[in-house]
There are 2 protein chains.
Amino acid sequence: MYKKKNYIPFDRRITARKAIFAQKLNMASAKSTTLEPLESLSMTDRVENILRDYFTENAFKPGDQLPNEFEMAQKLNVSRNVVREALSRLRMLGMVESRPRRGMVMAQPDLLAGLEKVLNPLLLSQDDLKDVFELRLVLELGVSEILFARKTPEDMAELEEIAERQKGLAVLTKEDEIEFHGKLYDMTGNETLHRFQSMLAPVFDHVFAAYYNKTSKSSKLEQVTHYDLFKVLKEGTAAQFRTAMYNHLAVYIDSASSR
Amino acid sequence: MYKKKNYIPFDRRITARKAIFAQKLNMASAKSTTLEPLESLSMTDRVENILRDYFTENAFKPGDQLPNEFEMAQKLNVSRNVVREALSRLRMLGMVESRPRRGMVMAQPDLLAGLEKVLNPLLLSQDDLKDVFELRLVLELGVSEILFARKTPEDMAELEEIAERQKGLAVLTKEDEIEFHGKLYDMTGNETLHRFQSMLAPVFDHVFAAYYNKTSKSSKLEQVTHYDLFKVLKEGTAAQFRTAMYNHLAVYIDSASSR
DNA sequence: ATATTTTTAATTGTAGGACAAATATACTAT
DNA sequence: ATAGTATATTTGTCCTACAATTAAAAATAT
């Protein structure tokens, strides 16, 4: 307890508000060509934007120390609450980190943190769900080049083990699908792509289960299996693999095209 | 000015804290198999998670009215500040909307809002930048199926106009690239894909300009032009288009593969 | 009873005060 | 110089207050 003497809390010491950056704050982003509802941004919105601009304009890099909250609040002529709400957002994105009493530092944002929190089938619009569905399809069809460029014997052995095991199964579960396709993305060496795909997958399943008639084209008996895909990846070319993947996903692609 | 009588501000009326949901709050997410720094979540982090869980578990849909901030703070036994910081995050993601004095409602989140704010080449790690670079490549290579399924005569006419105009140019600017490829994504009818791509593009350019040796393979003179792409899209097949796009992007793909 | 006006209540946005905890720094005693 | 102690710093959290404004309720007029 160091609460003796005439100690003035730090909070109180700064009282005079110098509205240095106030102009910055108050300058409306006036540039709407078409008349729109003029979505008046809240202070928090504006401070968030200003801070991000400030970081990029001043070329802040991960690890760089940031001014403290009081200083920001002063300079911007807003309350600490507003600054904290804005910072809270940036913290969520991984853009800034703050260890208590040590201040805040710039950090490497988490690319997909925001997207991850938002991929909720109940909240997204039909259009967005459809877009996500297709996006995943586009990814699956687009990875073959990378796959061929990056595949290693070890990866192929592991993939073979998976494909071989699944060959015996009458019907593949969702987990089986994830295992095989997940391994594929793993093999790209692209961690973001891998994570991105696995975030999209549940939405993809939801959309397919909810909106598309699975039985329609399932009579197409000559379906390309995971083992087929493996074989083409092992012995074929990138172009052949693309075709194989296209056929493997034919059911979904038909669904996507038809609407 | 209705400030007469013995009006007690709403803020003050609720004092007794019923820690009904306190358990929910205090239950640690204890499930780490490997020993990790035990990233103690802040109250705000926890409330953010709890709120999102609460929304999904109770199947909140866009338009649904949310409890007000006081109530949330009470129930969770935290201050309104903490609740507001958490809500501020969700507001940024478009997940909730709040019109002053009318309360908060669930909203349709903006799929890409979080990602958009974070795509800053100065802040992202080398690995992330490389991942984004490749991601864009994967998208370009993956859209051909959709393109063939969705192309319309009107779109093709517009694309032809662009390709025709660019045929005369000695060198294509960044804007030219955006115009042509942008139109391609536009033709997919997938708004999210379109926006996603245009968010990735600047990072893509940055990575290519900063890290890859452009001159290396540029001697490959038989480059596929935008007009070539157009022609294949018009007269060829999806498979041919994929090959054409692959060749069009060969410079980049070489870069990506080599590292 | 119905329409219009006035009052009240509710709720977000914003400001600002307080303080604990913990760390980095300055200071003091040995 | 070392160890120990006080001080300053800064985030996280809690609290109070109030303006603005709409929705609802009450009062008033038709």
Side-chain angles (χ1 to χ4, degrees), chain A residues 1-17 19 22 25-26 39-48 65-92 96-105 107, chain B residues 1-17 19 22 25-26 39-48 65-92 96-105 107:
Chain A
M1 296 294 182
Y2 325 113
K3 183 67 57 51
K4 318 164 186 174
K5 292 192 179 176
N6 47 3
Y7 177 78
I8 303 172
F10 183 74
D11 298 30
R12 309 285 308 274
R13 256 169 283 171
I14 300 162
T15 47
R17 279 279 170 80
L25 236 185
N26 295 324
E39 35 161 330
S40 69
L41 297 179
S42 69
M43 286 296 180
T44 301
D45 291 331
R46 295 202 276 172
V47 170
E48 184 215 319
Q65 186 80 22
L66 300 183
N68 68 44
E69 295 173 352
F70 286 109
E71 205 175 319
M72 291 181 180
Q74 270 181 262
K75 293 261 178 71
L76 293 170
N77 202 32
V78 295
S79 74
R80 190 156 85 99
N81 274 348
V82 168
V83 171
R84 277 190 62 83
E85 284 190 21
L87 285 170
S88 179
R89 298 174 174 188
L90 303 185
R91 240 184 322 266
M92 175 182 66
V96 310
E97 268 171 25
S98 43
R99 264 98 70 205
R101 287 121 238 148
R102 293 225 287 146
M104 290 180 292
V105 293
Chain B
M1 297 296 184
Y2 324 116
K3 183 66 57 50
K4 320 164 184 174
K5 290 189 182 176
N6 47 1
Y7 178 78
I8 303 172
F10 184 74
D11 298 31
R12 308 288 306 274
R13 256 169 284 172
I14 300 164
T15 47
R17 278 281 169 82
L25 235 186
N26 294 327
E39 36 162 326
S40 69
L41 296 179
S42 67
M43 285 298 179
T44 301
D45 290 331
R46 295 204 276 171
V47 170
E48 184 216 317
Q65 187 80 22
L66 301 184
N68 68 45
E69 296 173 351
F70 287 109
E71 207 175 316
M72 292 181 179
Q74 270 182 261
K75 293 260 179 69
L76 293 169
N77 203 32
V78 295
S79 73
R80 189 157 83 100
N81 271 353
V82 167
V83 171
R84 276 190 62 83
E85 284 190 21
L87 285 171
S88 179
R89 298 174 175 188
L90 303 185
R91 236 183 324 263
M92 176 182 65
V96 311
E97 269 171 23
S98 45
R99 266 96 74 208
R101 286 118 238 154
R102 293 225 288 145
M104 288 179 294
V105 293

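Below, chains carry the letters A, B, ... as their sequence lines are ordered, and counting in each starts from 1.
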In whole Å, I'd like the distance from the CZ atom of R91(A) to the C1' atom of dT13(D). 12 Å
Nearest heavy-atom approach of A86(A) to E48(A) is CB-N, 3.7 Å
Tell me the interatomic distance from E71(B), atom CD, to dA10(C), atom C1', rounded to whole angstroms. 12 Å
Below 3.5 Å, does any donor atom in the side chain of N81(A) face an acceptor in the base of dG16(C), or the other way round? yes
Quick one: do M72(A) and L87(A) satisfy side chain to side chain contact (heavy atoms under 4.5 Å, CB included)? Show the steps, please. CA-CA 10 Å; M72(A) 291 181 180; L87(A) 285 170; 4.1 Å; yes
Starting from P on dA22(C), measure out to CZ on R99(A) and report it in whole angstrom. 16 Å
Checking contacts here: which listed nucleotide (dT11(D), dT22(D), dG12(D)) is nearest the side-chain heavy atoms of N68(A)? dT11(D)
Which atoms form the tightest heavy-atom contact between R89(A) and D45(A), and what is the distance? NH1-OD1, 2.8 Å
Please report the shortest heavy-atom distance between L76(A) and V47(A), naming the atom on each side. CD1-CG1, 3.9 Å
What's the shortest heavy-atom distance between E69(A) and M104(A), and which atoms? CG-CE, 3.9 Å
What's the shortest heavy-atom distance between T44(A) and S88(B), and which atoms? CG2-OG, 3.7 Å
Using the criterion of both pairing distances under 3.5 Å for Watson-Crick and G-U wobble pairs, give all stems of 3 or more consecutive pairs involving DNA chain D. C:1-30 with D:1-30
Value in whole Å for how far the P atom of dA15(C) lies from CG of L76(A): 10 Å
Can you tell me how far C1' of dT14(C) sits from CD of E69(A), to the nearest Å? 16 Å
Rounded to the Å, how far apart are F70(B) CZ and dC18(D) P? 13 Å
Closest to the side chain of R84(A), out of dG13(C), dA23(D), dG12(D), is dG12(D)
Presence of S79(A) side-chain N/O under 4.0 Å of dT14(C) phosphate oxygens OP1/OP2: no
Taking the side chain as C-beta and beyond, is there a heavy-atom pair between R84(A) and R91(A) under 4.5 Å? yes
Side chain of E85(B) (C-beta onward), nearest among dG13(C), dT11(C), dT13(D): dT13(D)
Side-chain atoms of R102(A) come closest, of dA24(C), dC14(D), dT14(C), to dA24(C)
Nearest-angstrom distance from the residue atom CD of Q74(B) to C1' of dT11(C): 14 Å
Is any side-chain nitrogen or oxygen of R80(A) closer than 4.0 Å to OP1 or OP2 of dA15(C)? no
Please state whether the phosphate of dG12(D), meaning OP1 or OP2, lies under 4.0 angstrom from any side-chain nitrogen or oxygen of S98(A). yes
Interatomic distance, E97(A) CD vs dT11(D) C1' [rounded to whole Å]: 14 Å
Any idea which of dA15(C), dT13(D), dT10(D) is nearest the V82(A) side chain? dA15(C)
